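This report refers to the structure that appears directly beneath it.
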Amino acid sequence: MRGARRRLCSALIVAYGLFSLYAAYTVFLWPRRPAAPRPHRDRRGPRGFTDHVALGNEEWNPWDADEKNELAAYQQRYEANLKMIKYARSHLEQTSLRVQIWGKAAIGLYLWQHIFGGHLEPADMTSQWREGSQKAGKTYFRKMLQSRVPNFLPLICFLTGPSVVPGYFSVEGEHVVLVLNGREPAKIVYATQWLHYARTLMETRKIQHVAVVLLGNEQCNNTWIQPYLKRNGGFVNLLFVTYDCAFVNEEDIFQWPLGVATYRSFPVVEPSWSMLHDPRSYLCNFLGTVYKNSSRETLIKILKQDGFDKLCWIAARDQWQPQETNESFKNYQDALLQSDLTLCPVGINTECYRIYEACSYGSLPVIEDVMTPGDCGNSSMYHSAPLQLLKTMGAPFIFIKNWKELPAILEKEKKISLQEKIQRRKRLLEWYRNFKAWMRQKFINTLENSFLPSDKG
């Protein structure tokens with residue numbers, strides 16, 4: 001019912017707009033012909049002579065021919081204006097994107113709020129339905145429920161929340177971007193339900209193109225998505241996938257950054273003067289889970305034996321926790337803000353949320369640059385795994401192969417002046433801002449080049 005009312009209102013707005021354009025054009029822009037002079041009436045004529053002559057039951061009108069010509073010209077102008085408006089509308093539809101982004105994984109919030117800098121209404125993260133709007137390039141992001149824009153304008157919007165389920169929301173774009181979680185089998189089952197729904201919409205011609213942003217498996221076991229790709233006989237035009245997936249080709253499959261832990265409500269951080277200029281209390285930090293027989297155990301031992309655990313904020317735990325308490329989350333943010341370096345040991349994958357979260361607070365990541373077990377690795381386009389995307393973008397991080405290198409790094413850190421650290425923070429924050437802007441533009445350009453092939457070249 002809500003969709004029908006919206007369509008009716010939009011149709012009325014379009015009709016009113018077209019009529020207003022025509023009226024304004026006719027009144028102000030179209031050149032007018034000078035009115036024909038009225039013939040002079042001779043008042044000295046014979047008595048009883050009238051100003052018109054009766055011909056049977058019809059009256060002769062000396063201006064009848066001019067009125068007919070003016071009416072014909074009026075009709076021609078109307079038809080020409082209508083043709084011009086129809087052409088403009090058709091051209092706009094052909095050169096603009098109408099896209100909906102369906103955010104069914106937490107990584108969608110990193111895409112929308114951190115990469116695109118978009119907002120969601122309502123702001124409450126527990127809301128059942130949230131949506132946002134933004135315009136970029138040839139795409140227009142708008143709030144679906146509050147828009148007064150005619151339907152022929154380019155449309156793209158972001159939808160998320162538990163109430164966004166297949167078949168129970170209005171599909172208002174010809175192109176769809178699905179944000180899915182493919183990290184584990186249960187998530188994959190849920191993701192395939194959305195893919196089947198999108199395929200049904202394609203088969204019934206309700207949408208034209210589909211792209212997928214995928215939170216991939218940490219060991220890059222993403223073969224389940226392959227049959228859905230158009231290159232393999234499926235219907236998915238584009239795939240953006242996290243981690244160093246070996247089948248990234250930069251043609252229709254692209255690497256996407258893992259980003260921050262939005263599922264833990266990590267915020268969009270705006271740099272402040274104090275974040276840049278204030279001295280920080282700790283050389284480094286590590287707050288996280290220490291798995292048995294992992295390099296994280298080695299890291300903790302090195303910090304303790306050299307006494308650096310007294311100069312760094314260290315809080316280790318034995319078991320991973322999917323959610324943080326308010327206190328633990330605040331401690332984590334404070335540690336990032338109060339540390340010059342953030343230590344990033346590998347987990348199941350080398351890439352972790354901690355890298356991007358440290359960048360948000362200007363704390364330089366120190367990354368264990370080693371490959372983890374699994375199918376991740378170099379692709380046909382990149383040969384610097386792990387973290388190919390970040391390295392390609394010139395990330396100003398410290399990369400080490402073994403934590404035994406850390407003591408020398410921390411000794412050097414103690415000798416760096418505050419002014420040098422301020423400049424380093426500025427470079428890090430500037431790089432991260434540019435990185436997000438570059439990912440945003442690449443995403444937009446890729447959609448437009450794929451969904452609007454006539455615009456190529």
Side-chain angles (χ1 to χ4, degrees), residues 1-15 18 85-104 108 129 131 133 135 137-145 147 149-160 163-180 190-214 224-240 251-253 443-456:
M1 185 66 180
R2 184 174 59 184
R5 288 179 179 176
R6 189 185 305 115
R7 287 191 292 271
L8 177 60
C9 291
S10 299
L12 292 175
I13 293 172
V14 170
L18 295 176
I85 292 172
K86 286 181 177 179
Y87 172 79
R89 174 175 177 174
S90 173
H91 180 71
L92 183 59
E93 289 176 340
Q94 292 172 5
T95 59
S96 304
L97 284 180
R98 297 173 60 87
V99 179
Q100 278 186 320
I101 302 177
W102 302 343
K104 300 310 299 178
W129 176 286
E131 58 184 307
S133 61
K135 181 171 183 177
K138 297 173 183 173
T139 57
Y140 177 71
F141 301 75
R142 75 171 193 182
K143 299 170 187 173
M144 295 176 58
L145 302 182
S147 176
V149 183
N151 276 344
F152 62 84
L153 285 179
L155 163 69
I156 217 173
C157 65
F158 182 88
L159 307 177
T160 190
S163 291
V164 182
V165 295
Y168 288 88
F169 64 94
S170 178
V171 179
E172 297 196 6
E174 293 90 350
H175 317 288
V176 167
V177 176
L178 263 172
V179 185
L180 301 174
Y190 184 66
T192 55
Q193 294 175 2
W194 277 96
L195 287 167
H196 293 163
Y197 175 60
R199 181 167 59 192
T200 300
L201 295 177
M202 288 278 290
E203 292 171 348
T204 55
R205 300 184 181 279
K206 293 183 178 178
I207 60 176
Q208 297 178 14
H209 298 97
V210 175
V212 171
V213 176
L214 180 65
W224 67 273
I225 193 72
Q226 293 271 22
Y228 295 97
L229 302 182
K230 195 168 185 178
R231 62 167 43 240
N232 298 324
F235 62 94
V236 175
N237 300 81
L238 300 170
L239 174 64
F240 301 85
E251 295 177 3
D252 59 340
I253 305 173
F443 186 78
I444 293 170
N445 290 345
T446 303
L447 291 185
E448 291 180 347
N449 290 338
S450 177
F451 295 173
L452 299 174
S454 60
D455 274 11
K456 290 183 178 179

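Only a predicted model underlies this, so the values are computations on that prediction, with no experimental measurement involved.
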Are the charged groups of Arg231 and Glu251 less than 4.0 angstrom apart, N to O?
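Yes, Arg231 and Glu251 are salt-bridged.
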
As an exercise, state the distance from [atom1] of [X] to [atom2] of [Y], rounded to the nearest 0.5 Å.
X: Phe451; Y: Gln208; atom1: CZ; atom2: CD; value: 10.0 Å
X: Leu195; Y: Thr200; atom1: CG; atom2: OG1; value: 11.0 Å
X: Leu159; Y: Ile101; atom1: CG; atom2: CD1; value: 9.0 Å
X: Glu174; Y: Leu201; atom1: CD; atom2: CG; value: 12.5 Å
X: Trp102; Y: Phe158; atom1: CH2; atom2: CZ; value: 13.0 Å
X: Gln193; Y: Leu180; atom1: CD; atom2: CG; value: 11.0 Å

Minimum heavy-atom distance between [X] and [Y], given as atom pair plus value:
X: Val210; Y: Ala198; answer: CG2-CB, 4.2 Å
X: Gln100; Y: Val171; answer: OE1-CA, 3.5 Å
X: Tyr228; Y: Thr192; answer: OH-CG2, 3.7 Å
X: Leu214; Y: Trp224; answer: CD1-CZ2, 3.8 Å
X: His209; Y: Met202; answer: N-SD, 3.9 Å

Residue pair Pro166 / Trp194, side-chain heavy-atom distance below 4.5 Å
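Side chain of Pro166 against side chain of Trp194, heavy atoms only: contact under 4.5 Å found.
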
I'd like to check Leu229 versus Leu238 (side-chain heavy atoms, cut-off strictly below 4.5 Å). Are they in contact?
no

Can any side-chain N or O of [X] pair as donor or acceptor with the backbone N or O of [Y] at less than 3.5 Å?
X: Tyr197; Y: Gly167; result: yes
X: Asn232; Y: Pro227; result: no
X: Ser450; Y: Leu447; result: no

Using side-chain contact (heavy atoms from CB on, under 4.5 Å) as the criterion, point out the one residue from Thr160, Val164, Val179, Val213 that pairs with Lys104.
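Among the candidates, only Val164 passes.
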
